[in-house]
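Accompanying notes for the structure given below.
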Amino acid sequence: MRWLLLYYAVFFSMLKASAHTVELNDMFGHIQSPGFPDSYPSDSEVTWNVTVPEGFRIKLYFMHFDLESSYLCEYDYVKVETEDQVLATFCGRETTDTEQTPGQEAVLSPGPFMSITFRSDFSNEERFTGFDAHYMAVDVDECTDQEDEELTCDHYCHNYIGGYYCSCRFGYLLHTDNRTCRVECSDNLFTQRTGVITSPDFPSPYPKSSECFYMISLEEGFMISLQFEDIFDIEDHPEVSCPYDYIKIKAGPKVLGPFCGEKAPEPIDTKSHRVHILFHSDNSGENRGWRLSYKATGNECPELQPPVHGKIEPLQAKYSFKDQVLISCDTGYKVIKDNVEMETFQIECLKDGSWSNQVPICKVADCRAPAELEHGLVTFSTKNNLTTYKSEVRYSCQQPYYKMLQNITGIYTCSAQGIWMNKILGRELPTCLPVCGHPKFSRKLISRIFNGRPAQKGTTPWIAMLAHPQGQPFCGGSLIGMNWVVTAAHCLHQSLDPDDPLLKDSDLIRPSDFKIILGKHWRMRSDENEQHLMVKRTILHPQYNPITFENDVGLVELLQSPILNDYVMPICLPEELPEKGAMVIVSGWGKQFLQRFPETLMEIEIPIVDHLICQEAYGQLKKKVTVDMICAGEKEGGKDACSGDSGGPMVTLDRERGQWYLVGTVSWGEDCGKKDRYGVYSYISHNKNWIQSVTGVRN
Ligand code: ARG
């Protein structure tokens, strides 16, 4: 019977005249069963199609619900559905195990469309008042409600009423699908010989919708090999080869890959110096990506043997293209390449696997023959006269005429740099200075001669004779250093015109007008040991006064140096002032009593006279004895220099140093050897600084 009734119901419902559809497009509305609040009629069917804009869903809720109850809501019901899905079917007055009433629950459509159908069958055993319901459009929060994985935002989702949009984390760009976040990774250039390349964000999942290009580019001659690491995770497919994400490698004409999946490719030896890597990702998937390290190797060069007495750095078992080694030698040895000495030499492994150069040899440093020393000699301390590293030589000065200026042993050692080196002077040579004031011959005690005595040969080896070219002597002088003669300034210019006392250039005696003779003993006869020397220039003391004879000192520079020997030796310059009343020796070829010239060099020994006494003695004559002058002689007279002695030496013995030094040069006097008159001498100590500054001479 029930089955029959069902057939009827179906049959009648098809015929139902009251079935109709209502289209609703508002954002909210109100629907009721027919006849509400009275009981609804039998055999009626009404459908409300509610449509709201895209991005909204529809919420339906019932304020009143009273329908006939039937098993599974067979007879009367309210059905809520979308195009393809029944959302709810309600009937009855209260919810049972098999039937549902809406109660307080609202029905929510998943999309912007909802269809509500009310139906009543042909008979009602009771009176039912139907339903009263409201609907409204509600916003879909796509950001939280999204069920479709394909539509969710990759990084950030922003909901607004009626829609939503996506954005990306810093460093990412929104793909044109407006949903996935891609990265810009198209130009990655690697030029180092080793390196590591990873997918973006590795080991976090790589970005979607991205095309990454990597290029390893090295100089020709290198070959790149690639090695993937354990973590390798690229989206794959069980049947199709890498349809979604993949990595492809291009090396020269070869293309490798696509690679994907979870198993890393085996190490790849590309044999190429340039490799392109392409990594593609599609718009979905969460895979960790990949990491590879690359290494470039070049052709190997043959093994290297360090040179004897040398080394190679860095020392390796193998060298390949671009490797460089530095060859250097042990201390005392030098690298020799193409006959050139150098400290180090570099060679490089070339792309064809050969070395750019041969390993050079190491040669022991050679200082070669030591330089000659003026007035000195050099002797070898090491046997066989070796001049190589660590050999020794010794410099000394020609004794007894020269001594070393520096207080050193004179030993020079051949350094690792191939230079003769002294501990104190370094590479500088010592200086040999002439020994001064130390004659070989000393005076034999002979009875004092009242008015002087002939000098003994060689006891005054510094005496210089100023002579005219024909040999006529006119003044004396003293050798200082190697090239200079100290004399009186008045010896170096022609006798004055008494009416024109000013010193004029034309009055000066020219260098070619005279010569210096050293080693002289006899006045006119020639000596075995004499040396004639030409004059380079003459220098008068700048404060020399030809009227008063103040600063009567002049210097003669020799064109050549004399040969020092037992008869030619310089006098020392004073180190300190002479003692009061000290005895001095004055020598010269000047006139003797009776206006006669002596045959040989003469000398007198006289005391230095107190300056005041001397000044007083000359005061009566209105002649000034100034501070640059020094007097010597005896009160009773007799022993004195005289005409022709000018410029000649007045010396004294420095007992402490055991050497003679120059106290003065013969300058002037009132007559010769007169009582209460003294010889006046230009005082060397007073002008020592000037002499040294002009000549550079030192003791
Ligand atoms: N002026 C003299 C000369 O030209 C030297 C004078 C020395 N006289 C003396 N009495 N100390 O030679």
Side-chain angles (χ1 to χ4, degrees), residues 450-452 463-468 472-478 485-496 498 501 503 507-509 513-514 516-517 520 523 538 540-541 544-554 556 583-598 601-609 611 613-615 617-621 623-626 628-651 662-684:
F450 174 71
N451 60 350
I463 187 86
M465 180 185 273
L466 274 64
H468 292 294
Q472 191 63 35
F474 62 92
C475 265
S478 314
V485 168
V486 189
T487 184
H490 78 255
C491 292
L492 299 177
H493 63 90
Q494 249 80 44
S495 50
L496 298 169
L503 192 63
D507 290 342
L508 290 178
I509 179 167
D513 289 344
F514 72 111
I516 300 287
I517 310 172
K520 199 103 191 84
R523 184 170 177 273
T538 63
L540 269 54
H541 191 284
Y544 164 59
N545 185 330
I547 317 266
T548 62
F549 273 30
E550 275 170 280
N551 299 302
D552 184 18
V553 56
V556 177
M583 294 302 283
V584 292
I585 288 179
V586 180
S587 344
W589 288 278
K591 274 186 186 166
Q592 291 182 293
F593 286 101
L594 310 171
Q595 302 289 305
R596 275 183 49 210
F597 282 108
L601 181 66
M602 298 298 285
E603 65 179 26
I604 45 165
E605 192 172 1
I606 46 174
I608 285 176
V609 169
H611 209 255
I613 296 175
C614 189
Q615 274 179 328
Y618 280 107
Q620 308 150 12
L621 293 168
K623 288 208 166 156
K624 263 201 194 129
V625 177
T626 51
D628 57 292
M629 301 172 190
I630 186 165
C631 304
E634 267 152 12
K635 192 175 159 57
E636 65 271 22
K639 284 193 249 177
D640 194 8
C642 203
S643 175
D645 287 326
S646 271
M650 171 212 261
V651 298
L662 190 62
V663 178
T665 54
V666 178
S667 181
W668 60 274
E670 169 69 18
D671 226 330
C672 301
K674 271 175 71 179
K675 188 172 176 287
D676 274 327
R677 296 283 180 268
Y678 303 97
V680 185
Y681 300 78
S682 180
Y683 189 23
I684 292 301

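Excluded from the calculations below are hydrogen atoms, water molecules and symmetry mates; all remaining heavy atoms, backbone and side chain alike, are included. Sequence positions, counted from 1, serve as the residue numbers for this chain. In listed order, ligands and their atoms are each counted from 1.
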With ring pair (Phe, Tyr, Trp, His ring centres under 6.0 Å) as the test, would you mind laying out the steps for Trp668 and Tyr618 before giving the verdict? CA-CA 12 Å; Trp668 60 274; Tyr618 280 107; 4.8 Å; yes
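- No side-chain heavy atom of Thr665 sits under 4.5 Å from any side-chain heavy atom of Tyr681.
- Between the side chains of Tyr544 and His493, a donor-acceptor pair is found at a separation under 3.5 Å.
- Every protein residue with a heavy atom nearer than 4.0 Å to ligand 1 is included here: His490, Asp640, Ala641, Cys642, Ser643, Gly644, Asp645, Ser646, Val666, Ser667, Trp668, Gly669, Asp671, Cys672, Gly679.
- Contact annotation: the side chain of Glu550 approaches that of Met629 to within less than 4.5 Å [non-hydrogen atoms, C-beta and beyond].
- Using bins of under 30°, 30° to 60° and over 60° for the plane-to-plane angle, the ring pair His490/Phe549 lands in the parallel bin.
- Looking at Asp552 and Ser667, their side chains do bring a donor and an acceptor atom within 3.5 Å of each other.
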